[in-house]
Structure formats: structure tokens, C-alpha cells
A.B. asks: 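Before anything else, here's the structure in question.
We count ligands from 1, going down the list as the structure has it; atoms in each ligand are counted the same way. Only heavy atoms go into these numbers, but all of them, side chains included; no hydrogens, no water, no symmetry mates.
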Amino acid sequence: MSRCRLPPTPASQITGEAVYRDRRRLLKALALAPALSVAGCRGEPPPPQDIPRAAGTDATGTGADAAGPLTRYEDATSYNNFYEFGSGKADPSRAAKTLVTSPWSVAVGGECAKPGTVPLETLLKGLVPEERVYRMRCVEGWSMVIPWLGVPLGEVLKRFEPSSDAKYVAFTTLADPRQMPGIRAPILDWPYREGLRIDEAMHPLALLVTGMYGRPLPQQNGAPLRLVVPWKYGFKGIKSIVAIEFTRKAPRTSWNDMQPREYGFFANVNPAVDHPRWSQKSERRIAGDGNRLFADRIATQPFNGYAAQVASLYQGMDLARWY
Ligand SMILES: Nc1nc2c(c(=O)[nH]1)N[C@H]1C(S)=C(S)[C@@H](COP(=O)(O)O)O[C@H]1N2
Ligand SMILES: [Mo]
């Protein structure tokens, strides 16, 4: 994003919701003034659409104030994990531009009354993406605060009428070696797969994301459709989803298959359970001011700070065992 920054707001000002709102107003004004239009800046995303804010977003503790200062757009779109495009943090933003995200369809099947392969537009038809500011914690020890645009996952899943045998939901990423240079490397058993228990999937905080910062989702962040489950480690947030399946048994997931001791199926953020290679007690926010990427180390919260909303899903479970 360094070639052509947008908007021309000093980075030092991009610290919070108020500024973000101002920035959106500015972008809108720019969009209405073709001479100044950001569209002239090659490689930049189109200006933001009008985004209705979800009523009650703050009541669920997902407002920006609760989540902390926003990560800069430039950082959230250039420091990524998307191994299909390489394992370096800068690889996806360089390599994923060629991912063709339209047309896109999603195959939905398994334990449900109305399976089918549907175009993305049909999958989301009638649902208005809402903005949710969520903390995101990667198991590697860094975190971000991102204004996502998306629809509650449960709203989409209900359309396929899952049966009472649907105990879990499995998700699969596209795996096309022609578009994804990283899948030549045997880092993971491609395609990337993730899963949730059905009650987790139906929880209102679980989001199917189509955009961020008021714009369409960039490829490196998982366009055109990804999952964001804010109380779980980042690897649950599977990108560029092409298939969803309702299952009776817990689905196999890519990271768990590769290293079950390191990546549990549940992957709930738990500062009391260390990853064998990284302590999970604290994290560094990607909340830099443009001069440095990381802010100071802060304590990681159970369920990434969403315990009040989600802890009841895990009542009676030993969360050190079911990590
Ligand atoms: N398909 C796919 N999805 C993925 C990954 C990946 O490598 N491939 N990486 C995961 C990990 S480890 C993290 S931390 C988040 C990062 O999301 P972000 O780059 O949008 O911040 O995406 C997750 N989703
Ligand atoms: Mo991650």
C-alpha cells in the first residue's frame, strides 16, 4: 500500500473510531468529486459503499471503543497469513492480486434439507453486510483490530435448513495451483479446511465477511468470502471459502491434522494454555503509527475478550484439554 496511500490522512490521526468515521466521510466526498477521485489511483480499492451500522453492535461489546484502536488499513492488508500465496507475511499482498474472485460460488451440502451450489450473490441475497469491529488474535502472538463487513454466519447457514444431525460445520478454501503459487509447497494438506461446532457457528458473533474498512475484501484478506470468529485464534478464520458442509462428526481441519498438539480443534483464545512454541499469555497489537508496526505488549484475554458473550458455549468443558 506504500505506492499509493489512501486516504491522505496523517497516520498519527488514524487511531480510533471517530477518526475512522471522519475518514469514511472524506472518502465519500472524494468519491463524489471525480476530479479528486481515488479511483484514479491505480491498484486502489474502490471507495466505500454506504454501510449500515448494526444496531446493538456496541451492546455486544464489539464496538471500536471496546476493541481498542483500529489497525491501520495498510498494515491489515500487507501483514497477512494466507499460505496458499506463500508463508511470508508480505507474500499474500504481493501474490494474491491475481486471485479471481468473481464469479464465485459456494457448494453447500451434508446434513441439510436444501443443499446446493450457489453463486455468492445468491448465498448472501437479502442480507445487508454490517460493520463489526473485532479484535483478531493470531496464535503467533500478534493481534489486530479490524472493522469487518459481513453477515452473521448463522443467517446464511439457516437458508440450507441444517438437520438435527448437523452437529458441526466444515469449511474449505479454494485450492487452485494456477492461481495460488503457495500450494506447491507441502506446508499444509491442501485445500485449507476449518470447522466449527454448530452452536458456535450459529452464535451471533460468528461472521461471514465480505469486506473491511468499508470496502470490498482484498484478496490477501480472503476475498470474496471468509470466516471471522473473534473469540478464537486467527487460523479459524478460513479465507476464500468455496465449500460448506454440515457434518455429524467433528471435521478434520488442516492445522489440527498437521500438528494436533499445537492446534486444537476449538482454538479458543486461552492465555492459560501455551502453544508449544509460543506463550499465549500476551500479545502485541498491530497498532503502529506508521513508524513501527507493533504497539507495546498487552495481556491476552480469555476468549480474546469475548468471554461474556461466548463462555456459556463451553460450560462444563475442560478448556485446557479442549484447546
Ligand atoms: N485459506 C487460508 N485461510 C487462512 C490462513 C491460510 O493460510 N489459508 N491463515 C489463517 C491465519 S493463521 C490467520 S492469523 C488469519 C489471518 O488473517 P488476515 O491475514 O486477514 O489478518 O487467516 C487465517 N485463514
Ligand atoms: Mo494465525
A.B. asks: Under 3.5 Å, is there a donor on one side chain and an acceptor on the other for Asn81 and Lys89?
C.D. replies: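 Lys89 and Asn81 do have a side-chain donor-acceptor pair below 3.5 Å.
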A.B. asks: Using the ring pair (Phe, Tyr, Trp, His ring centres under 6.0 Å) rule, collect all pairs that involve residues 162-189, keeping only residues at least two apart or in two chains.
C.D. replies: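 Every ring pair (Phe, Tyr, Trp, His ring centres under 6.0 Å) pair that includes a residue of residues 162-189, provided the two are not neighbours, is Tyr168-Phe265.
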A.B. asks: Name the atoms and distances for all side-chain donor-acceptor pairs under 3.5 Å in residues 99-126, with sequence neighbours left out.
C.D. replies:
unit_1: Trp104; atom_1: NE1; unit_2: Ile241; atom_2: O; d: 2.8
unit_1: Glu111; atom_1: OE2; unit_2: Arg248; atom_2: NE; d: 3.0
unit_1: Lys114; atom_1: NZ; unit_2: Glu161; atom_2: OE2; d: 3.1

A.B. asks: Could you check Glu283, Arg137, Arg284 and say which one makes a side chain to side chain donor-acceptor pair (under 3.5 Å) with Ser143?
C.D. replies: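 Filter result, single survivor: Glu283.
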A.B. asks: Just so I know, are the side chains of Met317 and Phe266 near enough to count as touching, which here means a heavy-atom distance under 4.5 Å?
C.D. replies: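 Yes, side chains in contact.
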A.B. asks: Residue by residue, ordered by chain and number, which ones reach under 4.0 Å of ligand 1 with a heavy atom?
C.D. replies: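 Those residues closer than 4.0 Å to ligand 1 by some heavy atom are Asn80, Asn81, Phe82, Tyr83, Glu84, Met136, Cys138, Trp142, Thr173, Tyr192, Asn221, Arg226, Gly234, Phe235, Gly237, Ile238, Lys239.
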A.B. asks: Could you give all pairs that pass the ring pair (Phe, Tyr, Trp, His ring centres under 6.0 Å) test and reach residues 139-163, with sequence neighbours left out?
C.D. replies: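 Qualifying pairs, neighbours excluded: Tyr79-Trp142.
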